[in-house]
**Q** 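Sharing a structure with you now.
All values below come from the heavy atoms of this structure, side chains included, with hydrogens, waters and symmetry mates left out.
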Amino acid sequence: MDYLKEHDGANQKEIARGCHIEPATLTSVLNRMEEKKIIERRMLHGNRRSLYVFLTDLGKELVLSVETAFSQIEEEAFQGVSEGEKEQFMKIFFRIYFNLTGKEGESLDGKM
């Protein structure tokens with residue numbers, strides 16, 4: 001949902017790449033999301049070879065709920081932690097992530 005929030009109408013390959021998961025894994029996730037009416041798959045411009053994934057109204061509502069919940073958790077987790085300490089923590093966190101994934105020089109949001 002987070003990826004679709006910024007890339008509504010993406011194809012499955014783009015979503016898999018953006019979420020760092022295998023396309024086969026994504027297919028089962030999207031199937032469950034579609035069953036729950038969170039997303040819908042549509043053709044664009046008459047292209048029958050590719051389906052594009054869109055958030056439904058319910059999906060968009062859920063994105064807002066998740067964002068609110070994560071903001072509250074982040075606020076609670078970093079209570080009493082200075083901005084400098086938070087930045088240092090995130091640098092260390094990303095270094096650990098890069099060490100484990102071998103994705104040196106990248107960040108989770110494409111920056112860095």
**Q** Same cluster for L44 and L4 if Ile/Leu/Val/Met/Phe/Trp/Tyr side chains link at under 4.5 Å?
**A** no
**Q** Under a 3.5 Å cutoff, is there a donor and acceptor pairing between the side chains of R17 and N11?
**A** no
**Q** Looking at F78, I'd like to know if its CZ atom is crowded, meaning that more than 12 non-hydrogen atoms belonging to other residues, nucleotides or ligands lie closer than 6.0 Å.
**A** yes
**Q** Does a side-chain heavy-atom distance below 4.5 Å link M1 with I38?
**A** yes
**Q** On a heavy-atom basis, which atom in Y52 and which in G9 lie closest, and how many Å separate them?
**A** CD2-O, 3.1 Å
**Q** Between E85 and S82, is any side-chain donor less than 3.5 angstrom from a side-chain acceptor?
**A** yes
**Q** Of the non-hydrogen atoms in V53 and R41, which two are nearest, and what is the gap between them?
**A** CG2-CG, 4.2 Å
**Q** Which pair of heavy atoms, one from A16 and one from L26, lies closest together, and at what distance?
**A** N-CD2, 3.6 Å
**Q** Using a 4.5 Å cut-off on heavy atoms from C-beta on, say whether the side chain of M43 contacts that of L51.
**A** yes
**Q** Stepwise, does the side chain to side chain contact (heavy atoms under 4.5 Å, CB included) test hold for E61 with S65?
**A** CA-CA 6 Å; E61 288 176 26; S65 295; 5.6 Å; no
**Q** Does K5 NZ have over 12 foreign heavy atoms under 6.0 Å away?
**A** yes
**Q** Tell me the closest heavy-atom pair linking D8 and L55, and the distance in Å.
**A** OD1-N, 2.7 Å
